[in-house]
Student: 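For reference, the structure I am asking about is given below.
For clarity, every value in this text was computed on a predicted model and none was experimentally measured.
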Amino acid sequence: MQVLLSYSIHGTILDVRAKGDWTLRNISAATARALSRRQKEIINAIRSQRLENIQLNYRPFPNQKALWGSFLLSFFCQLREEAQKKSVSFDISSLPLQMQELLAVSYTPAVTARQQTNTNLFNILGAWVEKKFRQVLAAMDFVGEISLALLKFFAGKAAISSKDVWQEIYNAGASSLPIISLVSVLLGLILAFVSAVQLQVLGAEIYVSSLITVSMVRVMSPVLTGIVIAGRIGASYAATIGSMQVNEEVDALKTFGINPIEFLVLPRFLALTLMMPFLTVYADFMGIFGGYAVIYLGWDISFYAFLNNVQTFTHMHHIIIGLFHSFVFGILIAISGCYQGMISGRDAEAVGRATTLAVVHSIIGIIVSTSVITIILSGFKL
């Protein structure tokens with residue numbers, strides 16, 4: 001198949017056009033030498049002419065697929081470097097989408113001048129507000145992308161592997177049970193001991209069982225489970241995806257036409273959102289068990305008396321509220337961890353910073369959402 005490389009100058013616009021099969025197996029030695037001479041002509045034209053814009057265009061021949069390799073891509077990268085040196089704009093919108101993504105990945109703009117530090121207080125404040133506003137918009141875009149990925153998942157069109165989902169379910173669920181057990185039992189012990197000591201003054205230590213159960217089921221278990229999962233799973237999501245950013249694996253997925261939101265984020269989001277209510281129910285039982293151990297050993301209250309108070313004062317709406325808390329926490333932790341990983345920089349320090357921010361933002365989200373839900377439910381007298 002014939003390979004063509006041509007260019008034309010229209011005023012201050014340089015139009016570079018490539019056609020044919022540019023894979024190395026199709027380019028002979030003689031063709032490569034001819035193309036190299038033409039490339040030198042184009043580069044000399046950029047250096048000698050007064051240009052304002054360089055337009056790149058690649059098309060296959062009729063009835064042929066778009067085939068191009070590193071030979072053409074490296075030439076386009078070289079043109080981009082020359083355009084940068086001459087401060088000439090570079091238009092790649094007419095290139096195939098995958099070629100545009102590769103050029104974007106392979107090109108990092110150089111810093112041409114040292115940025116001057118502005119000490120004006122209003123400028124600093126304005127820059128800070130603008131930065132935070134952009135971060136909020138980026139986070140909203142990320143949530144929107146997850147929502148679209150969920151719609152594609154329910155429509156059966158998402159690029160997601162069931163094996164990845166089950167693996168993430170195991171990581172977020174079964175492998176988290178030991179630490180959830182330890183922390184929940186200890187929390188139940190603490191709540192029971194502190195409550196019993198105070199209620200003993202009134203001779204009402206029998207009601208410790210209801211206090212422990214309602215507090216654990218309604219708020220304490222979801223919050224405690226959320227904080228533990230934020231430190232264990234949310235940090236893991238940020239570190240894993242952040243490391244993939246460092247190794248340019250996310251860019252590779254985009255190059256292959258795979259949506260990283262569907263392939264990386266969606267399995268983790270689904271797994272954690274589904275497992276958080278189950279972990280919360282498990283934490284409820286472990287916390288109540290820890291509280292009963294204190295009551296039985298310290299105040300000699302029978303199991304039947306303990307169970308009778310639990311059944312009397314614990315209503316179904318307490319359980320539903322706790323499960324709703326855990327569901328919201330699962331969404332917040334998954335979004336925070338995956339988002340920080342996706343926006344992570346490309347060095348080890350950036351991955352550590354993303355992991356820290358994922359945990360901090362998750363805990364803040366848990367506390368804020370708990371406050372909001374509690375205020376709303378208080379308005380409905382629940």
Student: Linking directly or through intermediates, with side-chain heavy atoms under 4.5 Å: list the remaining ILVMFWY members grouped with W128, chain and number order.
Tutor: L125, V129
Student: Between M286 and S181, which heavy-atom pair has the shortest distance, and what is it?
Tutor: CE-CB, 4.1 Å
Student: Give the minimum heavy-atom separation between N53 and S89, together with the two atoms involved.
Tutor: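 Looking at all heavy atoms of both residues, the shortest contact is ND2-OG, 2.8 Å.
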Student: Looking only at heavy atoms, which two atoms of L279 and I180 are closest? And how far apart?
Tutor: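 Here L279 and I180 meet closest at O-CG2, 4.2 Å.
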Student: Report yes if some heavy atom in the side chain of I169 is under 4.5 Å from a heavy atom in the side chain of W166; otherwise report no.
Tutor: yes
Student: Would you confirm whether K86, through its side chain, and R47, through its main-chain N or O, come within 3.5 Å as a donor-acceptor pair?
Tutor: yes
Student: With a 4.5 Å cut-off on side-chain heavy-atom distances among I, L, V, M, F, W and Y, is there a chain of contacts connecting M220 to I375?
Tutor: no
Student: Once rounded to the nearest 0.5 Å, what's the spacing between atom CD1 of I241 and atom OH of Y339?
Tutor: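 One gets 13.0 Å once the value is rounded to the nearest 0.5 Å.
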Student: In Å, rounded to the nearest 0.5 Å, how long is the span from CZ of F324 to NE2 of H317?
Tutor: 14.5 Å
Student: Quick one: pull up CG in D91 and CD1 in I13 and give me the separation to the nearest 0.5 Å.
Tutor: 9.5 Å
Student: Any side-chain heavy atom of F306 within less than 4.5 Å of one from I288?
Tutor: yes
Student: Would you find a donor on one side and an acceptor on the other, under 3.5 Å apart, between the side chain of S221 and the backbone of T280?
Tutor: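 No, the answer is negative, given that no donor and acceptor are paired below the 3.5 Å cut-off.
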Student: Got a donor-acceptor contact below 3.5 angstrom from the R346 side chain to the Q245 backbone?
Tutor: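 A pair under 3.5 Å: yes.
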Student: Do the side chains of L266 and N259 get nearer than 4.5 Å, heavy atoms only?
Tutor: no
Student: Report yes if the side chains of Q135 and I343 come closer than 4.5 Å at any heavy-atom pair, otherwise no.
Tutor: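 Q135 does not reach I343 side chain to side chain.
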Student: If you count every heavy atom of other residues, nucleotides or ligands that lies below 6.0 Å from F303 atom CZ, does the total exceed 12?
Tutor: no
Student: By salt bridge (Lys or Arg N to Asp or Glu O under 4.0 Å), which residues pair with R218, not counting sequence neighbours?
Tutor: none
Student: Do side-chain atoms of S336 reach the backbone of A358 as a donor and acceptor pair under 3.5 angstrom?
Tutor: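 Yes; judged by distance alone, with no hydrogens or angles, the pair exists.
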Student: Start with the C-alpha distance between I233 and S176, add both sets of side-chain angles, then the distance that settles side-chain contact (heavy atoms from CB on, under 4.5 Å), and finish with yes or no.
Tutor: CA-CA 9 Å; I233 304 300; S176 300; 4.0 Å; yes
Student: Are any non-hydrogen side-chain atoms of S215 and L191 less than 4.5 angstrom apart?
Tutor: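 Yes, side chains in contact.
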Student: Find the distance between CD1 (I333) and CZ (F269) and round it off to the nearest 0.5 Å.
Tutor: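 One finds 11.5 Å between CD1 of I333 and CZ of F269.
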Student: Would you give the length of the straight line joining atom CD1 of I160 to atom CZ of F153, rounded to the nearest 0.5 angstrom?
Tutor: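 Answer rounded to 0.5 Å: 5.5 Å.
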Student: Are L264 and L253 packed together at the side-chain level, in the sense that at least one heavy-atom pair is separated by less than 4.5 angstrom?
Tutor: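 Side-chain contact under 4.5 Å: yes.
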Student: Which is it for V219 and V214 under the side-chain contact (heavy atoms from CB on, under 4.5 Å) test, yes or no, and what are the steps along the way?
Tutor: CA-CA 8 Å; V219 176; V214 173; over 6 Å; no
Student: Are V328 and I146 connected in the hydrophobic side-chain network, where two residues link if heavy atoms are under 4.5 Å apart?
Tutor: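 They do not share one cluster, since no chain of ILVMFWY contacts under 4.5 Å joins V328 to I146.
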Student: Mind checking whether R80 and I92 have side chains closer than 4.5 Å, heavy atoms only?
Tutor: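 SC-SC contact between R80 and I92 confirmed.
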Student: In Å and rounded to the nearest 0.5 Å, what is the CZ to CD1 distance from F329 to I366?
Tutor: 6.0 Å
Student: Please determine if R353 and E349 form a salt bridge, counting it only when a charged side-chain N lies under 4.0 Å from a carboxylate O.
Tutor: yes
Student: Counting only heavy atoms not in F142, do more than 12 sit closer than 6.0 Å to its CZ atom?
Tutor: yes
Student: Looking at E41, Q55, R17, which hits side chain to side chain contact (heavy atoms under 4.5 Å, CB included) with Y7?
Tutor: E41
Student: Apply side-chain contact (heavy atoms from CB on, under 4.5 Å) to the pair I229 and M276, showing each step before the final yes or no.
Tutor: CA-CA 9 Å; I229 293 300; M276 274 296 293; 3.9 Å; yes
Student: Pick out which of I364, L332, V223, T374 makes a side chain to side chain contact (heavy atoms under 4.5 Å, CB included) with S369.
Tutor: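 The side chain to side chain contact (heavy atoms under 4.5 Å, CB included) with S369 is passed solely by L332 among I364, L332, V223, T374.
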Student: Please indicate whether Y207 has more than 12 foreign heavy atoms, meaning atoms of other residues, nucleotides or ligands, lying under 6.0 Å from its OH.
Tutor: no
Student: Linking directly or through intermediates, with side-chain heavy atoms under 4.5 Å: list the remaining ILVMFWY members grouped with V246, chain and number order.
Tutor: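 V246 shares its hydrophobic cluster with V351.
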Student: Any chance you could lay out the side-chain contact (heavy atoms from CB on, under 4.5 Å) test for E145 and L148, step after step, and finish with the verdict?
Tutor: CA-CA 5 Å; E145 290 178 359; L148 294 176; 5.6 Å; no
Student: Grab the two heavy atoms, one from L272 and one from G330, that are nearest each other, plus how far apart they are.
Tutor: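 Closest approach of L272 to G330: CD2-O, 3.8 Å.
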Student: Ignoring hydrogens and angles, tell me if any N or O in the side chain of S326 forms a donor-acceptor pair with the backbone of L323 under 3.5 Å.
Tutor: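 Here the side-chain-to-backbone pair exists.
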Student: Mark yes or no for whether E262, through its side chain, and A159, through its backbone, hold a donor-acceptor pair below 3.5 Å.
Tutor: yes
Student: Judged by atom type as modelled, is there a donor-acceptor pair below 3.5 Å linking the side chain of N308 to the main-chain atoms of Y304?
Tutor: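 Answer holds: no.
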Student: Less than 4.0 angstrom from a charged side-chain N to a carboxylate O is my criterion; do K85 and E81 meet it?
Tutor: no
Student: Could you tell me which non-hydrogen atom of D284 sits nearest to which non-hydrogen atom of V217, and how far apart they are?
Tutor: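 Heavy-atom minimum between the residues: OD1-CA, 3.6 Å.
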Student: Quick check on the hydrophobic clustering: are I54 and M99 connected, directly or via other members, by side-chain heavy-atom contacts under 4.5 Å?
Tutor: yes
Student: Any chance OH of Y282 has more than 12 other-residue heavy atoms, nucleotides or ligands included, within less than 6.0 Å?
Tutor: yes
Student: Determine whether L151 and V165 fall in the same hydrophobic cluster, where Ile, Leu, Val, Met, Phe, Trp and Tyr are linked whenever their side-chain heavy atoms lie under 4.5 Å apart.
Tutor: no
Student: So if you build clusters from Ile, Leu, Val, Met, Phe, Trp, Tyr with side-chain heavy-atom gaps below 4.5 Å, do V197 and I190 land together?
Tutor: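 The answer is no; the residues belong to distinct hydrophobic clusters.
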Student: For N309 and S210, which I'm curious about, is there any donor-acceptor pair between the side chains at under 3.5 Å?
Tutor: no
Student: Are L270 and L150 close enough that some pair of their side-chain heavy atoms sits under 4.5 Å apart?
Tutor: yes
Student: Tell me the closest heavy-atom pair linking A293 and L189, and the distance in Å.
Tutor: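 Taking every non-hydrogen atom into account, CB-CD2, 4.4 Å.
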Student: Report yes or no: does T240 contribute a side-chain atom to a donor-acceptor pair with the main-chain N or O of Y237 at less than 3.5 Å?
Tutor: no
Student: Where the side chain of Q100 meets the backbone of S93, is there a donor-acceptor pair that is under 3.5 Å apart?
Tutor: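 At least one qualifying donor-acceptor pair exists.
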